[in-house]
Amino acid sequence: PSGHRELGRKTAQSRIDECYFFGANEADFRAGYESAGTGKKLVTSKAYEQALALEIRSVLTSEALVVVKGSRGAALERVVSQLDPLDFSA
């Protein structure tokens with residue numbers, strides 16, 4: 001859990017514009033993220049939600065960078081599959 005708190009803090013301090021976090025450790029990630037005091041947008045959920053995946057897709061631009069990281073158990077490929085059109089050629 002403390003690792004997720006530290007990850008949240010470092011993520012907030014990075015050059016991201018907004019963050020979506022799916023997983024059982026969302027409360028720890030949120031605590032770390034908010035402790036950085038940046039005011040950047042954060043959306044968390046304990047589990048995958050298609051509505052949130054579609055929200056991510058709705059804010060993407062051609063310049064956007066999306067980083068998806070998680071354990072196999074999280075099955076985050078479901079998020080990636082919603083980011084249509086898919087173009088992983090770069």
Side-chain angles (χ1 to χ4, degrees):
S2 64
H4 283 89
R5 190 171 301 226
E6 181 68 8
L7 177 62
R9 185 182 63 75
K10 287 185 176 193
T11 300
Q13 292 172 336
S14 73
R15 294 175 36 194
I16 64 152
D17 296 318
E18 53 191 71
C19 180
Y20 293 79
F21 182 95
F22 299 85
N25 295 300
E26 58 95 17
D28 289 316
F29 185 89
R30 176 177 289 281
Y33 192 94
E34 292 176 346
S35 75
T38 63
K40 294 178 182 178
K41 179 178 178 177
L42 172 65
V43 177
T44 65
S45 177
K46 288 185 186 292
Y48 169 80
E49 295 179 36
Q50 184 175 11
L52 292 179
L54 294 173
E55 180 180 331
I56 294 169
R57 182 174 79 184
S58 75
V59 299
L60 291 181
T61 67
S62 61
E63 323 274 290
L65 171 66
V66 177
V67 177
V68 178
K69 185 266 179 221
S71 66
R72 285 297 308 129
L76 292 179
E77 64 273 6
R78 295 176 293 177
V79 174
V80 174
S81 71
Q82 297 299 314
L83 306 182
D84 185 36
L86 297 173
D87 181 3
F88 298 108
S89 60

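In this text the structure is predicted, and so the values were computed from the model without any measurement.
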Trainee: For residues Tyr48 and Gln82, determine if any side-chain heavy atom of one lies less than 4.5 Å from a side-chain heavy atom of the other.
Mentor: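 A side-chain contact under 4.5 Å exists here.
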
Trainee: Could you tell me which residues satisfy side chain to side chain donor-acceptor pair (under 3.5 Å) with Lys10, sequence neighbours excluded, listed by chain and number?
Mentor: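 Once residues adjacent in sequence are excluded, Lys10 has no partner under the side chain to side chain donor-acceptor pair (under 3.5 Å) criterion.
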
Trainee: When clusters are formed by joining ILVMFWY residues with side-chain heavy atoms under 4.5 Å apart, either directly or through shared neighbours, do Phe21 and Leu54 land in the same one?
Mentor: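 In one cluster with Phe21: Leu54, no.
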
Trainee: Glu55: which residues meet the salt bridge (charged side-chain N to carboxylate O under 4.0 Å, His left out) condition with it, sequence neighbours left out?
Mentor: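 Testing Glu55 for salt bridge (charged side-chain N to carboxylate O under 4.0 Å, His left out), a comparison that skips the adjacent residues, returns Lys41.
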
Trainee: At what distance, to the nearest 0.5 angstrom, does CG of Leu52 lie from OG1 of Thr44?
Mentor: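 Leu52 atom CG to Thr44 atom OG1 measures 9.0 Å (nearest 0.5 Å).
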
Trainee: What pair of heavy atoms forms the shortest contact from Phe22 to Ala53, and how long is it?
Mentor: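 Minimum heavy-atom separation between Phe22 and Ala53: CZ-N, 4.4 Å.
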
Trainee: Return the set of residues passing salt bridge (charged side-chain N to carboxylate O under 4.0 Å, His left out) with Lys46 (not counting sequence neighbours), or none when no residue passes.
Mentor: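 Per chain and number, Lys46 pairs via salt bridge (charged side-chain N to carboxylate O under 4.0 Å, His left out) with Glu26.
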
Trainee: With sequence neighbours left out, write down each residue that passes salt bridge (charged side-chain N to carboxylate O under 4.0 Å, His left out) with Arg72, or none if nothing qualifies.
Mentor: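 Here the qualifying residues are Glu77.
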
Trainee: To the closest 0.5 Å, what do you measure between CG (Leu65) and CG (Asp17)?
Mentor: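 Between Leu65 CG and Asp17 CG, I get 10.5 Å after rounding to 0.5 Å.
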
Trainee: Under the rule for side chain to side chain donor-acceptor pair (under 3.5 Å), what residues qualify as partners of Glu63, not counting sequence neighbours?
Mentor: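 Side chain to side chain donor-acceptor pair (under 3.5 Å) list for Glu63, sorted by chain: empty.
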
Trainee: Between atom CD of Glu34 and atom CG of Leu42, what is the distance when rounded to the nearest 0.5 Å?
Mentor: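 Atom-to-atom, Glu34:CD and Leu42:CG are 6.5 Å apart.
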
Trainee: State which residues pass side chain to side chain contact (heavy atoms under 4.5 Å, CB included) with Leu7; sequence neighbours excluded, sorted by chain then number.
Mentor: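 Checked Leu7 against side chain to side chain contact (heavy atoms under 4.5 Å, CB included); matches are Thr11, Phe29.
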
Trainee: How would you list, by chain and number, every residue that makes a side chain to side chain contact (heavy atoms under 4.5 Å, CB included) with Ala31, sequence neighbours excluded?
Mentor: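 With sequence neighbours excluded, Ala31 shows a side chain to side chain contact (heavy atoms under 4.5 Å, CB included) to Arg5, given in chain and number order.
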
Trainee: Less than 3.5 Å apart, any donor N or O on the side chain of Tyr20 or Glu18 sitting next to an acceptor on the other?
Mentor: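 Looking only at side-chain atoms, Glu18 and Tyr20 do form a donor-acceptor pair, the distance falling under 3.5 Å.
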
Trainee: According to side chain to side chain donor-acceptor pair (under 3.5 Å), who are the partners of Thr38, at least two apart in sequence or on a separate chain?
Mentor: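 Thr38 satisfies side chain to side chain donor-acceptor pair (under 3.5 Å) with no residue once adjacent residues are dropped.
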
Trainee: Not counting sequence neighbours, which residues clear side chain to side chain contact (heavy atoms under 4.5 Å, CB included) with Ser14? List them please.
Mentor: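 Partners of Ser14 by the side chain to side chain contact (heavy atoms under 4.5 Å, CB included) criterion, ordered by chain and then number, come out as Ile16.
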
Trainee: Using the side chain to side chain contact (heavy atoms under 4.5 Å, CB included) criterion, which residues pair with Ala64? Sequence neighbours excluded.
Mentor: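 Side chain to side chain contact (heavy atoms under 4.5 Å, CB included) list for Ala64, sorted by chain: Leu60, Thr61.
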
Trainee: Identify the two heavy atoms, one from Lys40 and one from Gln13, that lie closest to each other, and give their separation to 0.1 Å.
Mentor: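 Here Lys40 and Gln13 meet closest at NZ-C, 4.4 Å.
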
